[in-house]
2 protein chains.
Amino acid sequence: MLPSGSFKWRVRDVEIVDAKARKSDSRPTLVDIAKASGVSKATVSLVLRNSPTIPERTREKVLEAARSIGYVYNRGAASLRLPHTRMIAMAVNNLTNPYFAEIVAAIEDALTAENRIVLMSNTGESVARQSAFIETVREYNVDGLLIVPAVGTDASFVNSLHSLHLPCVLVSRTVPGAKVDYVSPDHRGGMIKAVDHLIKLGHTRIGMIGSNENISTGRDRFAGYREALAKHGIPLEPRLVLSGGETRDVGMAHVIQLLDLPEPPTAVVCFNDIVAFGAMLGLRSRNLTPGEDFSVVGFDDIAEATLWRPALTTVAIPRPNVGKAAVQLLFRRIGNRDAPFESVLIPTELIVRDTTCPPPKKSRSKRKH
Amino acid sequence: MLPSGSFKWRVRDVEIVDAKARKSDSRPTLVDIAKASGVSKATVSLVLRNSPTIPERTREKVLEAARSIGYVYNRGAASLRLPHTRMIAMAVNNLTNPYFAEIVAAIEDALTAENRIVLMSNTGESVARQSAFIETVREYNVDGLLIVPAVGTDASFVNSLHSLHLPCVLVSRTVPGAKVDYVSPDHRGGMIKAVDHLIKLGHTRIGMIGSNENISTGRDRFAGYREALAKHGIPLEPRLVLSGGETRDVGMAHVIQLLDLPEPPTAVVCFNDIVAFGAMLGLRSRNLTPGEDFSVVGFDDIAEATLWRPALTTVAIPRPNVGKAAVQLLFRRIGNRDAPFESVLIPTELIVRDTTCPPPKKSRSKRKH
DNA sequence: ACGATCTAGTAGATCGATCCAGTAACAGCT
DNA sequence: AGCTGTTACTGGATCGATCTACTAGATCGT
């Protein structure tokens, strides 16, 4: 985006008084420190950057002068010469979803620890906003880009970033066909753990609800479900898989739909915790108790999961690790633009709480004969 | 913070080849456009800023050249001369709380609409992180600062920002004694509406739970509770007011504590929706149904509120308005550093759903005689 | 026809840092 | 004394924009 109509013509005859006043209340610069401490601005610059060539006495003198005149380093000016700005852009699909908010918080933590600053945008699943944001941050010369891509982001868009020399890492979601670094919780592995757990408890009819093929997360979690069943020789029954949004409403509707099947399942794995809460409400509406009459497993382990009654069995994602890995991978990419692309999967962990149990006697005996 | 040890000595003898290569793959500048279109860089600059002095033919020629060489405006370089950077810093106490995430999203929306970019930090209620963030963004010459202050932020800190000529607006929470612009939902007014509603339904014994004196939000909401009771001549009964955290656990514990009173209340207003959900779980654990046996009102109207069963009666905050007002006030401050400080309260609205009802017959008849 | 005004530009200084190339002062060695 | 090396700096170019001050040429009014 080019600078817009915000441009204003200045009045020609600016008075000298004005200019002086402006000068006096503007922030002190390297030159002011140099004057105050009797060295050149080049020396001051070296001191501020902790150059080992400056002897201790000079260092102290300069730093003292800097402190006393209230100097603040001007990164904007510096980065005109330097090859970096220490700014990292972060585009997130949906900040108001606690799962993503926590991912963003973890990444911001990791970046702050590395002395970087975050330019953030909540794209709200809009590819248009996502593109606009990226165009803008290019103008600010960010060193790199972390994206939780909006639904509908296409590979060519992601690949174009690479040809624009903008280091980029996708987080939690990927885009099919994109050649790009990627850090994500192991959605597939987590779902395998969830289904394994249910199978070990004795379940054989396990549904999956709230699944979503439009995003890689949905496909990965479904793949885990499919693979875990296959591993135990349980055929996948399409009627037990319901896809839709990722809302509580959907969870409720889906679980009821499954219960109304001629041969209902005895357990469900859910796309995420929100869907699982919906499922729990759906069970309640049929007078079934999760963890006694029917098993429910969530995904994400958001803060709510431990607070519900019964507490939700779910797959936990170590968010700080995701944040750290994303930042590491981005730094590696910044250091070497031609390195091979890498995908890092962060192991997930099943947290068994109170919503899973063996299948109720009735259906178990049925299965026995 | 001064630039740190990340500084590295460059090898002296950089080859000319290297320098050339670097030049060729570095981004095109105004001068490149000037060369490509046969005008001076001053003219290019005027074109890019939509100056009306440039005739259409020249404009098109220059813009075409800019497009064809893939020019990207360099705001870092521009803001070395300009009095602004179009960057706004936003410090938020707790991003993983959906209420604040939604406030941040609303503000980011409003700033994007004004063609600004957001530097964000999640301070996690740490005043140390908050200070560190503000020191950092000073180095980046942000135009202004929006803060949801961390618990424990003190007035002198906030006031120091003003003397540093850093325009600042507090959002949702204020700091006692701070002379600063402030935009907030009308916590007090919202709570008055909530209590009025309960009183109109016939309640006279109304508790307040999850209240928190450490933050202005807590004090404001409590003030609303106190004033609404006073307005209707109902004496404030200290035993009915329980303060603590803002978690679901606290909500659950508090409502149970109230039910165990010799003369329990028939309704509670909660510090926020999270606490209200806890209260609903607490009621369930005593076999009471919210909205039939006992009334519960939340605050914030987070997305969850409408999805719970029964759906929560709560006080809604028009977040986009909060975001827009915060941005407007910040812009006013940026335009005039010496303007009088202003507080803007955004009206809140009671959303009556299914958790409020008249007090149950038993206690009503008791009251009648 | 001539100065005045307007149009469409331009050269060069500037913002505040970094960085290259160089220097003055002095020590150490033969 | 003369040479080399090291230490402790420094001047001035530079990054990529903006902004001031200025100009060449066209147009206008009388």
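Here is the naming used below: chain letters follow the sequence lines, and residue numbers restart at 1 for every chain.
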Are OP1 or OP2 of D:dC19 and a side-chain N or O of B:Ser45 less than 4.0 angstrom apart? no

Select base, sugar-phosphate, or nothing to describe what A:Thr58 touches, counting heavy atoms under 4.0 Å on all strands. sugar-phosphate

Taking atom P of C:dT18 as reference, at what distance in whole Å does atom CZ of A:Arg75 sit? 10 Å

Between C:dA17 and A:Tyr71, is there an OP1 or OP2 to side-chain N/O distance shorter than 4.0 Å? yes

Rounded to the Å, how far apart are A:Ile54 CD1 and D:dT6 P? 18 Å

Whole-Å gap separating C1' (C:dA17) and CG (B:Asn74): 14 Å

Grab the two heavy atoms, one from B:Val171 and one from B:Ala326, that are nearest each other, plus how far apart they are. CG2-CB, 4.0 Å

Interatomic distance where NE2 belongs to B:His84 and P belongs to D:dC19 [whole Å]: 9 Å

Would the number of heavy atoms belonging to other residues, nucleotides or ligands and lying under 6.0 Å from CZ of B:Arg57 be above 12? no

Nearest whole Å is fine: how far is C:dG12 P from B:Arg81 CZ? 16 Å

Once you apply a heavy-atom cut-off of 4.0 Å, does B:Thr43 come out as touching a base, just sugar-phosphate, or nothing? base

Kindly indicate, with the supporting measurements, whether the criterion side-chain hydrogen bond (donor to acceptor under 3.5 Å, both in side chains) is fulfilled by A:Asn141 and B:Arg27. CA-CA 10 Å; A:Asn141 294 301; B:Arg27 275 166 32 169; 3.1 Å; yes

Near B:Lys35 NZ, under 6.0 Å, is it more than 12 heavy atoms from other residues, nucleotides or ligands? no

Could you pick out which residue, B:Ala77 or B:Val39, lies toward the 5' side of DNA chain C when each is mapped onto its nearest nucleotide? B:Val39

Are A:Ser121 and A:Thr123 linked by a side-chain donor-acceptor pair shorter than 3.5 Å? no

Does A:Lys41 or B:Lys41 map to a spot on DNA chain D nearer the 5' end, using the closest nucleotide for each? A:Lys41

B:Arg49 side chain near D:dT18 phosphate (N/O to OP1/OP2, under 4.0 Å): yes

For the pair made of CZ in B:Arg27 and C1' in D:dA17, what is the distance, rounded to whole Å? 12 Å

Taking 4.0 Å as the cut-off, does a side-chain nitrogen or oxygen of A:Thr29 come that near to OP1 or OP2 on C:dG16? no

Determine: side-chain N/O of A:Tyr73 to OP1/OP2 of C:dT18, distance under 4.0 Å, yes or no. yes

Here the distance between atom P of D:dA17 and atom NZ of B:Lys35, to the nearest Å, is 13 Å

Please compare B:Pro55 and B:Leu80 by the position of their nearest nucleotide in DNA chain C and report the one closer to 5'. B:Pro55

Out of D:dT10, D:dC19, C:dC19, whichever nucleotide has its closest atom nearest the side chain of B:Ala42: D:dC19

Could you tell me the separation between the CZ atom of A:Arg57 and the P atom of D:dT7, rounded to a whole number of Å? 18 Å

